[in-house]
Asker: 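I'd like to ask some things about the structure below.
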Amino acid sequence: MNSRVPAGIGSTPTDVRRLFVVLCGFEILPKSISTRDRGRRFILSEPVCAYLLDTTRGWVLLDAGLNPANGRDVSRMQERFWRHGMTAPVIREMHLLERQLGDLGVSFADIGHVILSHLHYDHCGYLNRFAHARISLQRREHALAFSAQAGPGYFRDEYDDPRLQWDLHDGDWEAMPGLRLLDTRGHTEGHQSALVVLPETGAVILPFDAADLRENWDEEVLPGECCDDAAALGAIRRLKDLEKETDGTTLMFHDPVAIQAMKLAPEGYS
Ligand SMILES: [Zn+2]
C-alpha cells in the first residue's frame, strides 16, 4: 500500500497511474471575476485546463476543455462575448485538445469516462466528442444548467446534446480507488472538486472553480460569482484542510502564475 494514500480514500492502492495537465487556452477576464470585489480594472489572462488521467480502468478526463469555436468562430464570438463587452478566449492550434491527446497517442474514443466539475462553458467545451462516454456530474448542477435560472456562464448548446450519457451524483463519491470527487457547492449549485492519488506524487487536489487563483486559496477570497457565499467559503476551507491532511499538492485551475510552474502534457505527473 502506498503510504501517502490519505485516510478515507480506502485501503487499496490507487488505480490512477499518471495525471496530465492539458492546457486548452486562455480566458481574458477582469480579475474580479475570480476574486470578489478585487481587481475590477485588472484584466487577467487565465489558463483553462483539462486533466487527463491514465488509470488501470482506462483513460479518464476531468473537465472537457474550451470549445475552439469560442475563440475562432467570429459570429459566435460576437454573440457570446463581444456583444456583452467581453473578450473571447485565446485558443491557438497548440491548445487544441485533439492535438494534445494525439501527442499522447490517445483518441477521444479511448476516453470512456468524463467527469465535470460544473457546466460553465470553460469546463465542458468538447462534450460533443464524448457521446460514447459516461459523463459524470452532480445532479444539482445538471438540474440548474437545464433550467431557466442558468446564468450567462452556461452555454446550453455545449451540453444540451441528447446523445450524452449522464451519470448524476449527489454529494461526495469515489470514481475508483485514488479518484474521489468532493461536493464543493458554492461557486455553482453542483460544483465538485477532485482528489487524485498518484503513486509517486501522492495526493493532488484539484479545486477547479472553488478557488480560481492562489489568492482565493491563501486569503480565502470568494470567487466573483457564487450561488451561495457561505458554502463557497466552506468549500475553500474544506479543500485546504484536505491539502493539510493528505500532505497534498494543489493545482490551481485558472492561475496565470501557477500554470507556468506546472508540467504540461505530454509531460505528466506519476
Ligand atoms: Zn465556473
Side-chain angles (χ1 to χ4, degrees), residues 21-39 43-51 61-67 70-71 80-81 84 86-91 114-127 135-147 149-160 181-194 205-217 220-236 238-239 250-256 258-259:
V21 178
V22 184
L23 176 59
C24 298
F26 290 85
E27 293 180 280
I28 313 300
L29 298 164
K31 181 170 173 290
S32 53
I33 296 277
S34 287
T35 53
R36 177 78 57 88
D37 298 330
R38 290 190 182 187
I43 304 297
L44 293 190
S45 171
E46 297 194 357
V48 174
C49 296
Y51 305 110
L61 191 65
L62 305 184
D63 267 3
L66 263 176
N67 179 352
N70 289 325
R80 302 292 165 99
F81 298 96
H84 309 287
M86 292 166 66
T87 306
V90 175
I91 306 165
V114 177
I115 302 175
L116 301 172
S117 60
H118 62 311
L119 280 173
H120 278 162
Y121 74 87
D122 49 339
H123 299 261
C124 62
Y126 274 86
L127 274 187
I135 313 289
S136 298
L137 182 72
Q138 288 289 318
R139 189 182 312 278
R140 289 188 310 267
E141 184 69 14
H142 184 271
L144 186 274
F146 282 87
S147 77
Q149 279 72 52
Y154 292 89
F155 290 3
R156 188 158 175 153
D157 62 347
E158 309 261 32
Y159 55 80
D160 188 0
L181 286 304
L182 309 155
D183 181 351
T184 46
R185 176 180 172 276
H187 169 58
T188 65
E189 274 300 334
H191 189 279
Q192 59 183 354
S193 302
I205 291 123
L206 303 171
F208 297 97
D209 284 8
D212 284 359
L213 313 178
R214 177 54 63 179
E215 181 180 333
N216 297 92
W217 188 263
E220 300 185 352
V221 179
L222 291 179
E225 247 186 75
C226 295
C227 72
D228 180 332
D229 287 354
L233 181 58
I236 295 173
R238 180 183 186 199
L239 294 171
T250 300
L251 301 183
M252 315 311 302
F253 189 87
H254 280 306
D255 193 305
I259 188 73

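Note that ligands are numbered from 1 as they come in the structure, with each ligand's atoms numbered from 1 the same way.
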Asker: Ring of Tyr121, cation from Arg80 - is the NZ or CZ under 6.0 Å from the centre and inside 45° of the axis?
Answerer: no
Asker: Do Tyr154 and Glu141 have side-chain N/O donor and acceptor atoms under 3.5 Å apart?
Answerer: yes
Asker: Inside 2.8 Å of the Zn ion (ligand 1) but strictly below it, how many protein N/O/S atoms are present?
Answerer: 4
Asker: For Thr87, check side-chain contact (heavy atoms from CB on, under 4.5 Å) against everything at least two apart and list the hits.
Answerer: Ile28
Asker: Among all residues two or more places apart in sequence or in another chain, which pass the side-chain hydrogen bond (donor to acceptor under 3.5 Å, both in side chains) test with Ser117?
Answerer: Asp63, His123
Asker: Excluding sequence neighbours, so at least two apart, what forms side-chain hydrogen bond (donor to acceptor under 3.5 Å, both in side chains) with Arg214?
Answerer: none
Asker: With no hydrogens and no angle check, is any side-chain donor or acceptor of His187 less than 3.5 Å from a backbone partner on Glu225?
Answerer: yes
